[in-house]
Student: 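My questions all concern the structure below.
Side chains included, hydrogens not; waters and symmetry mates left out as well; all remaining heavy atoms used.
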Amino acid sequence: MFLFSSHVFKLVTTKDYRRHLLKQRGWVIPLIMFMSLFEIVISQNQSPEPESTQVLQLHYQDRHVVMDNGIFQLTLSNPEGFVTGIQYNGIENVLAYDSKEDDRGYWDLVWNFPGKKTKKTKGTLDRIEATKMEVKTQNDELIELSFSRTWNSSSTTAVPVNIDKRFVMLRNSSGFYTYAIFERLQGWPAVELDNIRLAIKLNKDKFHYMAISDDRQRYMPLPDDRIPPRGQPLAYPEAVQLLDPIEPEFKGEVDDKYEYSMESKDIKVHGWISTNDSVGFWQITPSNEFRSAGPLKQFLGSHVGPTNLAIFHSTHYVGADLIMNFKQGEAWKKVFGPVFIYLNSFPKGVDPLLLWHEAKNQTKIEEEKWPYSFTASDDFPASDQRGSVSGRLLVRDRFISSEDIPANGSYVGLAAPGDVGSWQREYKGYQFWSKADVNGYFSINNVRSGRYNLYAFAPGFIGDYHNDTVFDISPGSKTNLGDLVYEPPRDGSTIWEIGVPDRTAAEFYIPDPNPTFVNKLYSNRSDKYRQYGLWERYSELYPDEDMVYNADVDDHSKKWFFMQVTRKQANGGYKGTTWQIRFQLDDKMKNLTGNFKLRIALATSNVAELQVRVNDPSANPPLFTTEQIGRDNTIARHGIHGLYWLYNVNVPDSSLRLGNNTIYLTQPLATSPFQGLMYDYIRLECPDSINYLTRS
């Protein structure tokens, strides 16, 4: 990707010039490359522009402190540390200035003392109101301010965590950095933390266009549209149908913040554009090392408000397994961030929607600067205080290939020592992940000092790789692990398989939504699983009988419904469902003895149970049961995966027969429309007595 300067970027992004480029088609890329090279030549033959004469200033006001670098001003309440104002490009305040000062820009958390939370509450919401402001650094290049509070052991109502919020402004920078240091000391009371985030609420009269990825951006409704009678809440408060929105174009649509969730690995830049002012407001996250639960954990980002979130820890799409539990006396320290709050602008005549691309350009710059060297806290180590781990991951499956297969596209990471797959439930430490190249090589850089296990998962193969060696990373250490081999679970050759092992249900049949409940952004798209109410479509497609799938002939993308949910009854209640997998065993199988193996990989489970029966739908007990598992709530939150579960079920040869066979998959728990399962992949294998059958 080219990193264009503002001169080249603005030249190629004016509306008129963009129309011209679109007409030229094949000339676009060569033209942009030429312009980039032309600029380099010019810059090498010109004297550098003089340094900006703007200076950093720190102003003290009544109960406020203002950081000013001549490009923008950041106003913070003193000593609380709330972001109360951001002045930029002629806009007096880009924030929701009509809100209370503690409701514009703030760090917050949700917490509980163990056993104190009731079913009617999610815990105590704490806006983290600091009690002390301190200047940590002030010079010609940067200002760093600290807003901290210390836990008082005599308190019975405050969260037992010391919190230090930091704000950093650099000279000639069009934005500010923020991070927070959370610390518990030995001997402190037990506590639970549910949610840790930075929330910024923008001026709703200006910021109407939201962008969270190249293909997920649109004009958004106003928060007023969600309030009755303009809006009608649906099955849960977050989902609202817009009945009489201020802008008629949104009439009938469903708005739900969960429709805009993102995986941690993809949360690099997201934000809002004021098209009338040609101003963009962006949150840039150069690293996800401080987020909980690894690269696939899903978090909220931007949504109607206009709201911009940096969520560092949450239980969304996982459930209670991800509540931070600290025992009595347990010490802990973690740095969340820094993230960069970036503002950009274009002159009149340039398409303001292209501010998104310029923000992506800035994201690349921030990633190259990571880890930042300007922070004042010793708890955030610079690059020379970190280490690296590299190697090559191969996959060994002799039923697919006689040679080891490079784990192309696999995610390889370092997380706290644990068990297979424990990284997806880990939250107290840091995680560092890298994507392997086409040959399986990976390099995990800028790793904090500490003790780690190595984890990995590879697309196209079930299960998780886990190297239980404890790696001690120290400043400057470089560890090369050489070739590592992952042997995914496998006993015999494949009789049949359903789906693709990619830890999601995205490859299965996803119906169109009820036309009454649509988000236009996701119409006619592969990610239409983000539409509201798809759980109800199962009962509409299967009003009386459950899904029957013929593994020998059916196409999983056309027949296998992407989630096994409850069926709504005429009396308003719900009923569990039983799916059938039908298949034939021919004469080649008659001499096989021992256990066949049924591999079932689940992409999510929400207060559900999976029972497996073979050729007898009423067998009691079933051949296998997971018992009740999961509280991911992925179904209601328009996800395509939550936590990953893998089960290996022994199927005795005596339970199968030559000719027709049926496997019954029952989910019996049924008190809610949101209970159910999503499958990632299912495979039936021959007993391990059969010889290898390779496809290469």
Student: As an exercise, state the distance from CH2 of Trp272 to CG of Asn308, rounded to the nearest 0.5 Å.
Tutor: 9.0 Å
Student: Can a salt bridge be assigned to the pair Asp527 and Arg530 using a cut-off of 4.0 Å between side-chain N and carboxylate O?
Tutor: yes
Student: Grab the two heavy atoms, one from Asn69 and one from Met169, that are nearest each other, plus how far apart they are.
Tutor: N-SD, 3.5 Å
Student: Look only at the side chain of Ser377 and the backbone of Asp379, and say whether a donor-acceptor pair between them is shorter than 3.5 Å.
Tutor: yes
Student: Any chance you could lay out the ring pair (Phe, Tyr, Trp, His ring centres under 6.0 Å) test for Tyr258 and His316, step after step, and finish with the verdict?
Tutor: CA-CA 10 Å; Tyr258 292 109; His316 293 145; 5.4 Å; yes
Student: Can you find a side-chain donor-acceptor pair between Glu366 and Tyr372 that sits under 3.5 Å?
Tutor: yes
Student: May I have the step-by-step check of salt bridge (Lys or Arg N to Asp or Glu O under 4.0 Å) for Asp126 and Arg149, ending in yes or no?
Tutor: CA-CA 12 Å; Asp126 184 345; Arg149 74 179 190 200; 2.4 Å; yes
Student: Among Gln217, Lys257, His270, Arg216, find the residue that satisfies the side-chain hydrogen bond (donor to acceptor under 3.5 Å, both in side chains) test when tested with Ser302.
Tutor: His270
Student: Side chains of residues 159-166: which donor-acceptor pairs under 3.5 Å do they make with residues two or more places apart or in other chains?
Tutor:
| from | atom 1 | to | atom 2 | distance (Å) |
| --- | --- | --- | --- | --- |
| Asn162 | OD1 | Trp151 | N | 2.7 |
| Asp164 | OD1 | Ser146 | OG | 2.6 |
| Asp164 | OD1 | Arg166 | NE | 3.2 |
| Asp164 | OD2 | Ser146 | OG | 3.4 |
| Asp164 | OD2 | Arg166 | NE | 3.0 |
| Asp164 | OD2 | Arg166 | NH2 | 3.0 |
| Lys165 | NZ | Glu80 | O | 2.8 |
| Lys165 | NZ | Gly81 | O | 3.3 |
| Lys165 | NZ | Ile128 | O | 2.8 |
| Arg166 | NH1 | Glu144 | OE2 | 2.8 |
| Arg166 | NH1 | Tyr179 | OH | 3.4 |

Student: Step by step, work out the side chain to side chain donor-acceptor pair (under 3.5 Å) result for Asn344 and Trp282.
Tutor: CA-CA 8 Å; Asn344 60 356; Trp282 312 99; 2.9 Å; yes
Student: Charged N to carboxylate O under 4.0 angstrom, Lys136 versus Glu134?
Tutor: yes
Student: Using 0.5 Å steps for rounding, measure from the CZ atom of Phe340 to the CZ atom of Phe176.
Tutor: 9.5 Å
Student: Any donor-acceptor pair under 3.5 Å linking the side-chain atoms of Thr75 with those of Gln73?
Tutor: no
Student: Measure the OH-CG distance between Tyr455 and Leu414 for me, rounded to the nearest 0.5 Å.
Tutor: 9.5 Å
Student: Measuring only between side-chain heavy atoms, which start at C-beta, is His303 closer than 4.5 Å to Leu309?
Tutor: yes
Student: Would you check if Leu145 and Val135 make a side-chain contact, meaning some heavy-atom pair closer than 4.5 Å?
Tutor: yes
Student: Is there a donor-acceptor pair under 3.5 Å between the side chain of Asn439 and the backbone N or O of Tyr441?
Tutor: no
Student: Centres of the Tyr177 and Phe167 rings: under 6.0 Å?
Tutor: no
Student: If only side-chain N and O atoms count, and only distance matters, is there a donor-acceptor pair under 3.5 Å linking Arg291 with Ser264?
Tutor: yes
Student: With a 4.0 Å cut-off on N to O distance, would you call Lys265 and Glu263 a salt bridge?
Tutor: yes
Student: Taking all heavy atoms of Lys206 and all of Asp277, pick out the closest pair and write down the distance.
Tutor: NZ-OD2, 3.3 Å
Student: Please confirm whether the ring centroid of Trp370 lies under 6.0 Å from the ring centroid of Phe380.
Tutor: yes
Student: Excluding sequence neighbours, so at least two apart, what forms side-chain contact (heavy atoms from CB on, under 4.5 Å) with Asp215?
Tutor: Ser213, Arg525
Student: Can a cation-pi geometry be assigned to Lys334 and Tyr430, taking NZ or CZ under 6.0 Å from the six-membered ring centre and within 45° of the ring axis?
Tutor: yes
Student: Would you compute the distance between atom OG of Ser261 and atom CG of Asp266 and round it to the nearest 0.5 angstrom?
Tutor: 12.0 Å
Student: Tell me if a side-chain donor or acceptor on Trp332 pairs with a main-chain N or O of Lys428 at a distance below 3.5 Å.
Tutor: yes
Student: Could you pull out the closest heavy-atom pair between Asn519 and Glu253, with the gap in Å?
Tutor: CA-OE1, 3.5 Å
Student: Please list all pairs meeting ring-ring contact (aromatic ring centres under 6.0 Å, His included) that have one or both residues in residues 64-109, counting only residues at least two apart or in different chains.
Tutor: Trp107-Phe312
Student: Please name the pair of heavy atoms, one in Ile444 and one in Ser434, separated by the smallest distance, quoted to 0.1 Å.
Tutor: CG1-CB, 3.8 Å
Student: Is Arg171 salt-bridged to Glu141, going by a charged N under 4.0 Å from an acidic O?
Tutor: yes
Student: Above 12 or not: heavy atoms from other molecules or residues under 6.0 Å from CG of Asp140?
Tutor: no
Student: With a 3.5 Å cut-off and no angle check, do the side chains of Trp356 and Asp214 form a donor-acceptor pair?
Tutor: yes
Student: Measuring from Leu355:CG to Ser345:OG, what's the distance to the nearest 0.5 Å?
Tutor: 7.5 Å
Student: Look at Asp224 together with Lys204 and state whether they make a salt bridge at an N to O cut-off of under 4.0 Å.
Tutor: yes
Student: Other residues, nucleotides and ligands only: do more than 12 of their heavy atoms fall within 6.0 Å of NZ on Lys369?
Tutor: yes
Student: Please check if atom CZ in Arg63 has more than 12 non-hydrogen atoms from other residues, nucleotides or ligands closer than 6.0 Å.
Tutor: no
Student: Using 0.5 Å steps for rounding, measure from the CD1 atom of Ile473 to the NZ atom of Lys478.
Tutor: 13.0 Å
Student: Who pairs with Glu289 by salt bridge (Lys or Arg N to Asp or Glu O under 4.0 Å), at least two apart in sequence or on another chain?
Tutor: Arg386, Arg448
Student: With Tyr209, which residues qualify under ring pair (Phe, Tyr, Trp, His ring centres under 6.0 Å), at least two apart?
Tutor: Tyr219
Student: With heavy-atom distances below 4.5 Å as the criterion, would you say the side chains of Pro381 and Pro475 are in contact?
Tutor: no
Student: For Asn195 and Ser314, test the side chains for any donor-to-acceptor distance below 3.5 angstrom and give the result as yes or no.
Tutor: no
Student: Could you pull out the closest heavy-atom pair between Pro371 and Ala382, with the gap in Å?
Tutor: CG-C, 3.9 Å
Student: Whether the side chain of Arg104 engages the backbone of Thr84 through a donor-acceptor N/O pair (distance < 3.5 Å, no angle test) should be reported.
Tutor: yes
Student: Phe207: what forms a ring pair (Phe, Tyr, Trp, His ring centres under 6.0 Å) with it, not counting sequence neighbours?
Tutor: none
Student: Could you tell me whether the side chain of Ser173 and the main chain of Leu170 form a donor-acceptor pair under 3.5 Å?
Tutor: no
Student: How about Trp433 and Gln431: does a side-chain donor come under 3.5 Å of a side-chain acceptor?
Tutor: yes
Student: Check Arg127 against Asp108 and note the closest heavy-atom contact, atom names and distance.
Tutor: CA-CB, 3.9 Å
Student: What verdict does the salt bridge (Lys or Arg N to Asp or Glu O under 4.0 Å) test give for Glu259 and Arg637, after you've listed the backbone C-alpha separation in whole Å, the side-chain angles of each residue and the deciding distance to 0.1 Å?
Tutor: CA-CA 7 Å; Glu259 293 177 326; Arg637 289 174 173 158; over 6 Å; no
